[in-house]
*Asks:* 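One structure coming up, written as structure tokens, with questions to follow.
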There are 2 protein chains.
Amino acid sequence: MGFKKRRVKLEDIARRLNISIATVSRALDENPRVKKSTQEKVFKMAKVMGYMPNQIAKSLSSGKTNIIGVLIPRYDEPFFIEVCRGIDQYARNHNYKILISSSRNSYKFEKENLISFEKGLVDGIILSPTHETENVAHLNDLINKGMPIVLFDNIREEVSGADHVIINDEKASFEAVEFLIKKGNKKIAFIGGIKQKKVFQDRYKGYISALAHHNIPLYDELVLHCNSLDREFEDKEILNFFRGLNISPDAVFACTDNYGLLTMKTLLKIGKKIPDEVAVIGFGDLGPGEIFVPTLTCVSQPSFEMGQKAAELLIKQLNESEDIDHIKTIIKLETKLTEREST
Amino acid sequence: MGFKKRRVKLEDIARRLNISIATVSRALDENPRVKKSTQEKVFKMAKVMGYMPNQIAKSLSSGKTNIIGVLIPRYDEPFFIEVCRGIDQYARNHNYKILISSSRNSYKFEKENLISFEKGLVDGIILSPTHETENVAHLNDLINKGMPIVLFDNIREEVSGADHVIINDEKASFEAVEFLIKKGNKKIAFIGGIKQKKVFQDRYKGYISALAHHNIPLYDELVLHCNSLDREFEDKEILNFFRGLNISPDAVFACTDNYGLLTMKTLLKIGKKIPDEVAVIGFGDLGPGEIFVPTLTCVSQPSFEMGQKAAELLIKQLNESEDIDHIKTIIKLETKLTEREST
DNA sequence: CTGTTAGCGCATTCAT
DNA sequence: ATGAATGCGCTAACAG
């Protein structure tokens, strides 16, 4: 499509060679049932005539598009881009393309996008639910209609019938905070994201339990749940938070790399030395943390691998027999703490 | 597709209502030629039965997919992601979806991806050529076959028949360097990217001519063309560059934000004060520069807008009559210098 | 080994 | 206002 001029099709080749369309189709498919010499003739003619198969017609006929739909909450979050890269790599190696859409942090758009996927453009879907996504009826609907789905990252409610790729956010946070505690810190601040988001809830739990486990007091004042969905405001939110504190933290556990960086920036601005006066840990490990001065210690999340695994699970589903019920798989990937200069 | 279970189709609705497929089709299209009451019956039944149109069948029949193919050199470059966001926004508002692929900085993959687009999945293509793309025969081929194409960013050779969205790299660089000169700097270093890339060539030209125009000597030693395509190595390349210098620069013009940040990091590491001892300017203005301490002065490139404009031009082409020759459009967007703490 | 035929699901032209 | 028939380009079942 998108071709204003008439395209060469199987029929044209068939007519020129005085053979049937079916034979041409088979020949191009390298079907062993067609004579070698015919196959060669066909290939040569196809090349001469500049034949290019019509993917749409193929899809309609075969019932599959070889496209994976990917739905992420936003583009401007390196984590999601990394996951997409992982998906893309695996998909490409298995003859699939990916169609990425953004739900722009909105449940409404998430549903809209899924409907658009449901129209048959994609063979399956990889999805990271938005923070607004409270129930999963829309996903169950799709699954019941036979659409293979893999979820990753922010799964508030398990969806039976969909595979999941996740990390143990609570454990990762626990370890990060424990690391700070073992370094001798006692007034540890927490910078989280929107409360509705499962991953942030879990990271908060990990923080709480690490403190409790080590008998370190929890100061409500030292806890911030950023509400901004916008880069611009996060900045101010964090600055105001630190400016308003009565207790001076000796360490900060931030729930994303970006929060970690903004924290460092703010601390430097108000004259703190990192890590001497305040240690900082981020979450993600997505590049920028390595450039900052000082470099940011953080929980390394295997983003790229999450994508690969998600794609692997989805493609496995796509190859499953139609009438066997899918057995749900949950892959939990390991995180690790990457120590750099900020601690 | 991707639906293992049987889907409801027009025929099913038709049968249930004892009317023809054509009428159902027209009704759902809100064609005024069908009786209001019939239309309502059809809509109701479609809803009850959970009808979802098959996009593939529609595309085959209509000859258009309403998908725009986007081909960028790499995903992990915020600039390209910003452009994609811009494309996506405009496209979405005009009922198009986008299919993003990466050529991974390779001419070979660029061609492969274009072939995959040519198979009819997309109505048109927005492309940023790789640094390896020396000639544009493959693009001319596609255009001759009737595929609408819009190029952006790195256009080494003009392609007649394709629209272009660019900035004036040379002018932007000239102004940035001139800015440094007017601040009194005389030993200005240049950190560029791979020499084969047109945008870097142009930014180098701007640098050269600003120096010449103001009678500032050009020290070859102060010029670095980074060869790394990999984030990991850029770091070392820049560190080694500054460590090896005999002349101590009082300013640095970096061709990307990332180079600018790495430059600042390196300078801080070797004990320089920014901007007092060395001023630094980056190019792009894509976020991280605002977080770093000090924040990075840079040439602001309208990335998002580039995407919007590219999509606008493409969709305009898609709506052009088939037999009128396309008149090539070149949109040159304005850049501006955003002054921050590093200068 | 090759040809004929019948779909895939929808849009559309031509009748009525 | 509605229906019947044809085509979009390709695949696959069946026949020979």
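Order of the sequence lines sets the chain letters (A, B, ...), proteins ahead of strands, with each chain counted from 1.
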*Asks:* Below the 4.0 Å mark, does D/dC10 have OP1 or OP2 next to a side-chain nitrogen or oxygen of A/K9?
*Replies:* no
*Asks:* A/N54 has a side chain; which of C/dG9, C/dG3, D/dC10 sits nearest to it?
*Replies:* D/dC10
*Asks:* Measure from the side chain of A/L10, starting at C-beta and using heavy atoms only, and say which of C/dC14, D/dT11, D/dG7 lies closest.
*Replies:* D/dT11
*Asks:* Counting only heavy atoms from other residues, nucleotides and ligands, does the tally under 6.0 Å from NZ of B/K197 exceed 12?
*Replies:* yes
*Asks:* Rounded off to whole Å, could you give me the CD-to-C1' distance for the B/E11 and D/dA4 pair?
*Replies:* 14 Å
*Asks:* Mind calculating the distance between CD (B/Q55) and C1' (C/dC8) to the nearest angstrom?
*Replies:* 15 Å
*Asks:* Within this structure, what is the CD1-CZ distance for the pair B/I68 and B/R92, rounded to the nearest 0.5 Å?
*Replies:* 11.5 Å
*Asks:* When the distance from NZ of B/K41 to C1' of D/dT2 is rounded to whole Å, what number comes out?
*Replies:* 11 Å
*Asks:* So, is the end of the A/R104 side chain (NZ or CZ) under 6.0 Å from the ring centre of A/F109 and within 45° of the ring's axis?
*Replies:* yes
*Asks:* Just do the side chain to side chain contact (heavy atoms under 4.5 Å, CB included) check on B/E158 and B/K328 with the steps written out, would you?
*Replies:* CA-CA 10 Å; B/E158 279 203 18; B/K328 174 183 184 150; 2.9 Å; yes
*Asks:* When you measure from the side-chain N and O atoms of A/Y51 to the phosphate of D/dC10, is any distance below 4.0 Å, counting only OP1 and OP2?
*Replies:* yes
*Asks:* Rounded to the Å, how far apart are A/R7 CZ and D/dG9 C1'?
*Replies:* 10 Å
*Asks:* Looking at A/K35, I'd like to know whether one of its side-chain N or O atoms comes within less than 4.0 Å of OP1 or OP2 on C/dT2.
*Replies:* yes
*Asks:* On DNA chain D, does the nearest nucleotide to B/V24 precede the nearest nucleotide to A/M52 from the 5' side, or the other way round? Give the residue.
*Replies:* B/V24
*Asks:* Go through D/dG9, D/dA12, D/dG3 for me and flag the one nearest to the B/S20 side chain.
*Replies:* D/dG3
*Asks:* Apply ring pair (Phe, Tyr, Trp, His ring centres under 6.0 Å) to the pair A/H138 and A/Y107, showing each step before the final yes or no.
*Replies:* CA-CA 10 Å; A/H138 57 316; A/Y107 176 56; 5.1 Å; yes
*Asks:* Whole Å only: how far is the CZ atom of B/R26 from the P atom of D/dA4?
*Replies:* 11 Å
*Asks:* Rounded to whole Å, how long is the line connecting atom CG of A/N66 with atom P of D/dT11?
*Replies:* 12 Å
*Asks:* With a 4.0 Å limit, can you tell me whether A/S25 has a side-chain N or O closer than that to the phosphate oxygens OP1/OP2 of D/dT11?
*Replies:* yes
*Asks:* Report the nucleotide, chosen from C/dG9, D/dT2, C/dA11, that has the shortest atom-to-atom distance to any side-chain atom of B/D29.
*Replies:* C/dA11
*Asks:* Would you say A/T38 reaches C/dT2's phosphate, i.e. side-chain N/O to OP1/OP2 under 4.0 Å?
*Replies:* yes
*Asks:* Using a 4.0 Å heavy-atom cut-off, does B/N18 contact any base of the nucleic acid, only the sugar-phosphate backbone, or nothing at all?
*Replies:* sugar-phosphate
*Asks:* Could you tell me how far apart B/I21 (CD1) and C/dA11 (P) are, to the nearest whole angstrom?
*Replies:* 11 Å
*Asks:* Taking atom types as they are modelled, is there a donor-acceptor pair under 3.5 Å from the base of C/dT13 to the side chain of B/R33?
*Replies:* no
*Asks:* May I have the distance from B/K64 (atom NZ) to D/dG9 (atom P), rounded to whole angstrom?
*Replies:* 16 Å
